[in-house]
Number of protein chains: 2
Amino acid sequence: MGERSISIHVIERLTTYLRYLKSLPDDGTASVSATKIAAALDLNQVLVRKDLAEISSGGKPRVGYQICSLIEDIETSLGYNDSSSAILVGVGNLGRALLSHKSFRETGVRIVLAFDCDEAEIGTDCCGVRIMATEKMADLCGRLKVHIGIIAVPDTAAQEVCDMLVGCGIKAIWNFAPTHLKVPDDVIVRNENLAASLLILSQQLRERLS
Amino acid sequence: MGERSISIHVIERLTTYLRYLKSLPDDGTASVSATKIAAALDLNQVLVRKDLAEISSGGKPRVGYQICSLIEDIETSLGYNDSSSAILVGVGNLGRALLSHKSFRETGVRIVLAFDCDEAEIGTDCCGVRIMATEKMADLCGRLKVHIGIIAVPDTAAQEVCDMLVGCGIKAIWNFAPTHLKVPDDVIVRNENLAASLLILSQQLRERLS
DNA sequence: TAGATTGTTAATCGATTAACAATC
DNA sequence: TAGATTGTTAATCGATTAACAATC
């Protein structure tokens with residue numbers, strides 16, 4: 001009842017608001033207005049106001065929102081408090097980039113283990129995350145209550161890894177391989193289509209120039 | 001003046017159609033229907049049909065589209081023919097992952113040069129791309145007619161690199177750093193918000209489970 | 001012909017923007 | 001009080017889905 005879930009677009013913007021708010025000096029009583037946030041992030045004022053209205057405990061007319069409580073409200077709505085765990089498969093350049101990506105640290109999602117098939121890597125740590133042999137995945141996932149899997153392997157191995165993850169009880173997959181994964185109905189897949197992203201930018205540029 | 005530009009969503013889907021079509025066996029005369037593409041990629045039939053209608057030279061009722069000419073039509077609409085060049089700044093794990101990412105190769109956008117401030121890397125090659133000192137950026141960009149820049153440096157350096165790129169005449173920036181970049185009006189920025197992407201997946205999962 | 005498929009037109013849905021009343 | 005700002009309601013815009021006619 002009620003509690004309509006937050007849309008993708010809103011979540012995306014909330015993370016940028018949060019970043020901006022944290023960059024502001026705050027003595028614990030400082031305030032900020034939606035107008036100011038919008039200007040700083042090149043967004044529409046009303047959009048920001050609507051986003052904040054959706055998740056915040058309220059601002060004061062003529063004053064704005066108290067920075068520290070707004071930060072708290074955003075973090076709560078993004079689930080920073082009750083955090084969940086994820087495992088990463090594939091510790092190549094991309095995998096390492098993800099493991100070292102600072103911005104995940106602050107997030108409600110933590111990468112707790114990594115898997116790779118390269119014997120030389122197994123048993124070592126990367127950015128504080130232990131790299132394990134893929135054979136141990138099923139056993140470890142069961143114990144750790146992990147529900148999110150990240151696929152950072154070459155596209156030829158992606159479906160195989162995906163099946164393995166599903167077999168381990170993973171219910172949400174973040175896929176960086178340029179492959180459409182086949183999964184059961186109860187598993188969510190989010191594809192990170194990097195090639196498309198670059199193409200989109202290139203097309204927008206072309207359009208602008210013409 | 002007709003020629004309305006293709007939307008972001010359509011571009012994204014077109015890249016997946018292309019991938020699927022290329023995976024099909026084709027003797028040069030084989031056909032495929034929108035229905036089949038939709039089923040293979042878990043998409044709505046009508047959506048696929050509308051996308052294809054927008055960019056293809058037409059299909060035949062009861063038969064479908066000729067695979068090889070559909071591939072050509074998609075590639076043309078995505079600008080695979082008149083390709084453009086991009087430079088990458090930051091050859092850490094993420095930068096290397098992008099340089100080695102196979103799917104860019106087939107794209108109309110080519111990464112022609114990389115820059116880094118690490119002396120040890122300068123002058124070496126990574127995946128066939130030469131790594132240069134950032135000081136030489138302005139000079140090289142002018143000669144190479146590059147308009148796209150990719151920022152894969154730590155967030156603390158992102159704005160500085162951004163300013164540098166703008167100074168070199170770059171008009172479109174693909175930003176992986178979790179920072180809102182300030183740019184002149186004639187420069188396009190596309191932010192790749194990885195933390196948000198993972199959060200979205202995590203939220204969708206939470207919603208599904210509850 | 002019959003029927004699968006294309007392609008178009010209308011309906012729905014969701015997100016953004018605009019207008020405006022409420023408030024401190 | 002006057003005015004900046006919140007928050008809500010209505011209008012617009014765009015994307016997806018549904019319905020249906022056209023076609024081979």
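Below, chains carry the letters A, B, ... as their sequence lines are ordered, and counting in each starts from 1.
Screening residues 13-23 of chain B for salt bridge (charged side-chain N to carboxylate O under 4.0 Å, His left out) gives B/Arg13-B/Asp51, B/Lys22-B/Glu75 as the qualifying pairs, with residues at least two apart or on separate chains. Legend: salt bridge (charged side-chain N to carboxylate O under 4.0 Å, His left out) pairs involving residues 162-176 of chain B, not counting sequence neighbours, sorted by first then second residue: B/Lys171-B/Asp186.
Side-chain atoms of B/Arg190 and B/Phe176, non-hydrogen and from C-beta on, never get closer than 4.5 Å to each other. Counting heavy atoms from C-beta outward, B/Phe104 and A/Leu194 have side chains that approach closer than 4.5 Å. Put simply, the side chain of A/Arg96 does not reach to within 4.5 Å of the side chain of A/Ser100, judged on heavy atoms.
Atom CD1 in B/Ile6 sits about 14 Å away from atom P in D/dT16, given to the nearest Å. Rounded to whole angstrom, the span from the CG atom of B/Asp51 across to the P atom of D/dT17 amounts to 11 Å. Rounding to whole angstrom units, CD of residue B/Gln66 and C1' of C/dT6 are separated by 16 Å. If you take CD of A/Gln45 and C1' of D/dT8, they are 16 Å apart, rounded to a whole angstrom. B/Glu54 places its CD atom 14 Å from the P atom of C/dT9, with the value rounded to the nearest Å. Atoms NZ (A/Lys50) and P (C/dT17) sit 11 Å apart, rounded to a whole Å. A/Leu47 has its CG atom 17 Å from the P atom of C/dG14, to the nearest Å.
Within residues 7-23 of chain A, the residues having any heavy atom closer than 4.0 Å to DNA chain C are, in order of number, A/Ser7, A/His9, A/Arg13.
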Can you list, pair by pair, the side-chain donor-acceptor contacts under 3.5 Å of residues 60-72 of chain B, counting residues two or more places apart and other chains?
from    : atom 1 : to      : atom 2 : distance (Å)
B/Gln66 : NE2    : B/Gly28 : O      : 3.0
B/Ser69 : OG     : B/Gln66 : O      : 3.2

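Remark: of the listed residues A/Leu165, A/Leu88, A/Val109, A/Ile111, A/Val109 is the sole one forming a side-chain contact (heavy atoms from CB on, under 4.5 Å) with A/Ile148.
Residues satisfying the side-chain contact (heavy atoms from CB on, under 4.5 Å) criterion with A/Arg208, sequence neighbours excluded, are B/Ile188. Looking at residues two or more places apart in sequence or on another chain, you find no side chain to side chain donor-acceptor pair (under 3.5 Å) involving A/His147. Residues passing the side-chain contact (heavy atoms from CB on, under 4.5 Å) test with A/Asp27 are A/Thr29, A/Ala30, sequence neighbours excluded. Applying the side-chain contact (heavy atoms from CB on, under 4.5 Å) criterion to A/Gln45, with sequence neighbours excluded, gives A/Thr35, A/Ala38, A/Arg49. Every residue two or more places apart in sequence or in another chain that forms a side chain to side chain donor-acceptor pair (under 3.5 Å) with B/Glu207 is listed here: A/Ser5.
Remark: B/Asn44 is not in phosphate contact with D/dT16, judged by side-chain N or O atoms under 4.0 Å from OP1 or OP2.
Comparing atom distances between the A/Ser33 side chain and each of C/dT6, D/dT6, D/dT9 picks out D/dT6 as nearest.
A donor-acceptor pair is defined here as one N or O able to donate and one able to accept, closer than 3.5 Å; such a pair exists between the side chain of B/Gln203 and the backbone of A/Ser77.
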For DNA chain C, the dot-bracket pattern of Watson-Crick and G-U pairs whose distances stay under 3.5 Å, | for other-strand partners: ..||||||||||||||||||||||

Close N/O contacts between protein and nucleotides 11-13 of chain C (under 3.5 Å):
none

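Around the NZ atom of B/Lys102, the shell of radius 6.0 Å holds no more than 12 heavy atoms that belong to other residues, nucleotides or ligands.
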Contact state string [nucleotides 19-24 of chain D, B base, S sugar-phosphate only, - no protein heavy atom under 4.0 Å]: ----BB

